[in-house]
Amino acid sequence: MINFNVPPYVEKALDYIEECAKNQKICGDGAYTKKCSEWIEERTGTAKCLLTTSCTHATELAALLSDIKPGDEVIMPAYTFVSTADAFVLRGAVPVFVDIRPDTMNIDEKLIEAAVTDRTRAIVPVHYAGVACEMDTIMDIAARHNLSVIEDAAQAILSTYKGRPLGTIGNFGCYSFHETKNYSMGEGGALLIRDEKDVDAAEIIREKGTNRSKYYRGQIDKYTWVNFGSSYLPSDMNAAYLYAQLEIADQINEARMALWNRYRENLTPLAEKGKIDLPTVPKECVHNAHMFYIKAKDIEERTALIQHLKQNGILSVFHYIPLHTAPAGQKFGRFHGEDRYTTRESERLARLPMYYGLKLEQVDEICEAVKKFYASESKTC
Ligand SMILES: *Cc1c(COP(=O)(O)O)cnc(C)c1O
């Protein structure tokens, strides 16, 4: 059987976790947390990276730092994971869902400005599959309407837009290190802070509203409760697991890219025959091979395809029931404009197995099964 996902594992992780345990340094903000944050800061050039317990929590932090208040509106795509909206709903804000582009499955930047009202406070672009949204357009709209930009870069670590790392373009960027992502610590994430001026406030909220981070650095002699806050810092053992992967991040990235390219090579003939659609990567974007998906004709064909693959021992999945059609989406948010592509395209999409450790021969096997499905399809038509 070929699994859909297997979490990344690097042998060194065990040594690093053992080191944490033996040294009895297992709480948050230890040596490995520091190593991971510094690695991300160096690689992305962001002013500050704070490791968090999840991308969901990083987004919650960004919502607090952006001073999102009840009744505020936040523009985001309808095709995304629930956390993108939850972080703002928790602040009493209204998610305003906008249609996506069928080529990248990202928010259609040309529809954003029409959704801006005098209550709009932020735009949340989601870089689906690690492929960037049209950030120049989005940053320009944000500047003209004085809006914050919070990038949901959960899937986009090491991806770039016009050479700029995703997660560093907006005011805040949120990464995920969930076990389904390119680099993982089980559950975890990171908040990237673009502007130095936001760093102090972020450190305080992340540390239960205290200035303990400054105290640890010796900048003050005792720490105290200075603002509201919560606990968003992960255990150093989780960071140790992640750091082992970051050390060989390029190797992991290259391995994933080889799988992604193999899928594309194998399936291009099927796409050329018009049987399926393949992902598009605009020329401004370098992606990170987070995901390989194909699009079937419609939901019936997709269901049959997933079933066919399963019968061949291959696990593939679909995802994101558009948020505006979910009970909570209807309760808390609204869709602006027309749903031309969100529902239709979401119903066509199937994600194929993709993980560090998957073999090129397995990709060939999966592609053969896909081709067989479409060969038998055309006979019955
Ligand atoms: C995975 C994911 C999240 C949530 O990440 P967690 O670390 O599990 O909180 C949010 N947004 C998107 C687009 C994701 O893919």
Side-chain angles (χ1 to χ4, degrees), residues 4-5 7-8 33 36 40 49-64 74-90 95 97-98 100-101 104-107 122-133 135 138 149-159 161 166-167 170 172-192 206 230-235 238-239 241-242 245-246 256 279 285 287-293 317-323 326 328-329 333 342 345-346 349 351 354-355:
F4 169 68
N5 177 62
T33 304
C36 289
I40 294 169
C49 167
L50 297 177
L51 229 53
T52 59
T53 27
S54 65
C55 176
T56 306
H57 277 166
T59 316
E60 285 182 30
L61 253 170
L64 286 164
V74 178
I75 296 173
M76 62 183 69
Y79 182 72
T80 182
F81 188 55
V82 295
S83 298
T84 317
D86 268 330
F88 300 94
V89 168
L90 276 173
F97 302 116
V98 168
I100 55 165
R101 295 165 42 154
T104 56
M105 303 299 283
N106 282 335
I107 192 166
I123 306 173
V124 189
V126 179
H127 306 297
Y128 185 70
V131 176
C133 297
M135 290 307 289
I138 292 171
V149 174
I150 297 154
E151 297 178 70
D152 181 335
Q155 306 177 0
I157 183 166
L158 296 191
S159 294
Y161 169 81
L166 299 188
F172 302 104
C174 308
Y175 286 165
S176 173
F177 300 118
H178 183 256
E179 73 164 31
T180 52
K181 302 304 199 286
N182 290 23
Y183 308 97
S184 180
M185 52 200 274
E187 301 281 353
L191 178 72
L192 275 64
R206 177 172 169 273
S230 189
S231 182
Y232 292 124
L233 62 165
S235 159
N238 294 51
Y241 188 91
L242 175 66
Q245 294 156 51
L246 294 183
R256 296 185 73 106
C285 307
H287 72 112
N288 60 356
H290 173 60
M291 187 191 300
F292 197 91
Y293 63 81
V317 301
F318 66 86
H319 72 164
Y320 302 158
I321 305 296
L323 295 187
T342 302
E345 298 301 303
S346 74
L349 186 141
R351 297 175 62 182
M354 171 60 88
Y355 54 87

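Every number for a ligand or one of its atoms is a count from 1 in the order of the listing.
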_Quick test of your reading of the structure: of His319, His178, His127, whose heavy atom lies closest to atom 8 (O) of ligand 1?_
His178
*4.5 Å side-chain heavy-atom contact, Met291 and Met354*: no
_Atom indices of ligand 1, in the order listed, that fall short of 4.0 Å to a heavy atom of Phe81_ = 3 (C), 4 (C), 10 (C), 11 (N), 12 (C)
*With Ile75, which of Ile107, Ile138, Val124 fulfils side-chain contact (heavy atoms from CB on, under 4.5 Å)?*
Ile107
*Using distance alone, determine whether Ser83 and ligand 1 share an N or O pair under 3.5 Å.*
no
_Determine whether a donor-acceptor pair (N or O, by modelled atom type, separation under 3.5 Å) exists between the side chain of Arg256 and the backbone of Ala289._
yes
*Using a 4.0 Å heavy-atom cut-off, say whether Cys55 meets ligand 1 through its side chain, its backbone, both or neither.*
both
*Between Tyr320 and Tyr79, is the ring centre distance below 6.0 Å?*
yes
*How about Tyr128 and His319: are their ring centroids closer than 6.0 Å?*
yes
*If we only count N/O pairs under 3.5 Å, is Val126 in contact with ligand 1?*
no
*What's the shortest distance from atom 15 (O) of ligand 1 to any protein heavy atom, and which residue and atom give it?*
Gln155 NE2, 2.8 Å
*Starting from atom 14 (C) of ligand 1, find the nearest protein heavy-atom neighbour and note its residue, name and distance.*
Ala154 CB, 3.3 Å
*Side-chain donor-acceptor pair under 3.5 Å between Tyr232 and Glu60, yes or no?*
yes
_When you compare the side chains of His178 and Thr180, does any donor N or O come within less than 3.5 Å of an acceptor on the partner?_
yes
*Lys181 N/O under 3.5 Å from ligand 1 N/O*: yes
*For ligand 1, does Tyr320 get within less than 4.0 Å through its side chain, its backbone, both, or neither, judged by non-hydrogen atoms?*
side chain
*Scan side-chain atoms only and decide if Gln155 and His127 contain a donor-acceptor pair under the 3.5 Å cut-off.*
no
*Provide the number and element of each atom of ligand 1 under 4.0 Å from a heavy atom of Thr56.*
4 (C), 6 (P), 9 (O)
*asked:* Could you identify the single nearest non-hydrogen protein atom to atom 11 (N) of ligand 1 and state the distance to 0.1 Å?
replied: Asp152 OD2, 2.8 Å
*By number and element, which atoms of ligand 1 are closer than 4.0 Å to a non-hydrogen atom of Ser54?*
7 (O), 9 (O)
*Report the distance from atom CZ of Phe81 to atom SG of Cys55, rounding to the nearest 0.5 Å.*
9.5 Å
*Is the closest heavy atom of Gly188 to ligand 1 under 4.0 Å?*
yes
